[in-house]
Amino acid sequence: MKIKYLGTAAAEGIPAVFCECETCKKAIELGGKNIRTRSQAIIDDKLLIDFPADTYIHSLQYGIMLSDIKNCLITHSHLDHLYPKEIYMRKTGVFAHISGEEPITFYSDQSGYELIDTVIKDYSIKETDVALKKVELYKPFMVDGYEVTALRATHDPLSSPVVYLIKKDGKTIFYCHDTSEFCDEAMEYLKNSDVSVDLLSLDCTEGAKNTTYSGHLNIFRCDAFIKQLKKIGVVSEKTCIVMNHFSHNGGSALYDDFVKIADEYGFEVSFDGMEIEI
Ligand SMILES: [Zn+2]
Ligand SMILES: [Zn+2]
Ligand SMILES: [Zn+2]
């Protein structure tokens with residue numbers, strides 16, 4: 001499996017949309033990996049994860065034909081992960097001219113499901129254009145040959161947050177955004193499973209800032225949490241660990257600064273356009 005990070009920032013982006021803080025000014029000056037758009041990833045160039053407002057620019061930047069995308073997993077309903085109004089553009093006829101009748105199917109827990117459902121209803125979008133499925137927590141389901149399991153994330157409960165285990169050909173990617181340390185129910189599920197992860201993509205919104213904030217993580221808490229995951233066999237020495245989802249409010253938020261800190265822990269640091277094959 002291959003994961004490609006299309007966008008690696010939290011809600012505001014880096015530089016943030018309306019911001020003149022030092023981090024944002026420096027990001028503009030340095031450019032390159034220091035520029036981060038809103039969260040999105042794609043597995044094997046076909047299974048999309050999240051649908052932020054930046055989806056359109058990602059499709060242009062990385063040459064992704066969105067009309068070819070048949071499946072999209074939504075982690076939760078925050079704006080940097082789901083911009084439902086854009087789904088209106090998938091309505092065939094005036095907005096999209098697509099050959100074939102296969103829809104794009106969105107998978108989401110409650111809050112995202114409701115937002116997408118509202119758009120489908122408000123704009124009378126046909127099932128052959130957009131399909132919608134509600135995920136059932138801890139129940140694996142198949143998506144185009146991938147076995148996907150949604151676990152409850154620790155994040156704003158109103159956004160119905162989930163993290164996804166994605167398995168194929170004996171490999172597993174664990175996409176964990178946005179979340180802080182897992183709740184008992186998610187840990188219990190993992191303890192009782194035989195899940196062993198090849199790639200862990202973990203929330204590091206706070207960067208190297210020492211915070212106790214619930215809903216996101218910093219690198220110190222990531223490290224402690226990863227040790228817990230190692231104890232229960234979910235993560236091993238072989239697991240590729242990627243810090244992802246950064247905010248200009250985090251400590252050492254710029255890629256160039258943060259990568260030096262992450263190096264000491266043996267963690268990879270995501271950047272827009274990064275690809276990892278496992
Ligand atoms: Zn986010
Ligand atoms: Zn800023
Ligand atoms: Zn969020």
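Just so you know, ligand 1 is whichever comes first in the structure, and atom 1 is the first atom listed for that ligand.
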Exercise. Which N/O/S atom belongs to Asp178 and is the closest one to the Zn ion (ligand 3)?
Worked result: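 Looking at Asp178, the N, O or S atom with the least distance to the Zn ion (ligand 3) is OD2.
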
For this session: Search all heavy atoms of Leu48 against all heavy atoms of Asp50 and return the closest pair with its distance.
Result: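 Of all heavy-atom pairs spanning Leu48 and Asp50, the closest is CG-O, 3.8 Å.
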
Problem set entry | ND1 (His78) to the Zn ion (ligand 3) to NE2 (His76) angle, given to the nearest 10 degrees |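 Centred on the Zn ion (ligand 3), the ND1/NE2 angle is 100° (to 10°).
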
Exercise. Think Lys133 forms a cation-pi with Tyr107, using NZ or CZ under 6.0 Å from the six-ring centre and within 45 degrees of its axis?
Worked result: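 No cation-pi geometry.
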
Problem set entry | With the Zn ion (ligand 2) as the apex, the ND1/SG angle for His248 and Cys24 - to 10° |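 Rounding to the nearest 10 degrees gives 100°.
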
Exercise. Any N/O/S atom of Asp156 sitting less than 2.8 Å from the Zn ion (ligand 3), backbone or side chain?
Worked result: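 Of the N, O and S atoms in Asp156, none lies under 2.8 Å from the Zn ion (ligand 3), which means no.
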
Exercise. Do any of the N/O/S atoms of His155, backbone or side chain, fall under 2.8 Å from the Zn ion (ligand 3)?
Worked result: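 Checking His155: at least one N, O or S atom is under 2.8 Å.
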
State whether a side-chain donor-acceptor pair under 3.5 Å links [X] with [Y].
X      : Y      : value
Asp256 : Asn34  : yes
Ser180 : His155 : no
Thr23  : His248 : no

For this session: Kindly report the OD2-the Zn ion (ligand 1)-NE2 angle for Asp80 and His245 respectively, rounded to 10°.
Result: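 Taking the Zn ion (ligand 1) as the apex, I get 100° for this pair.
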
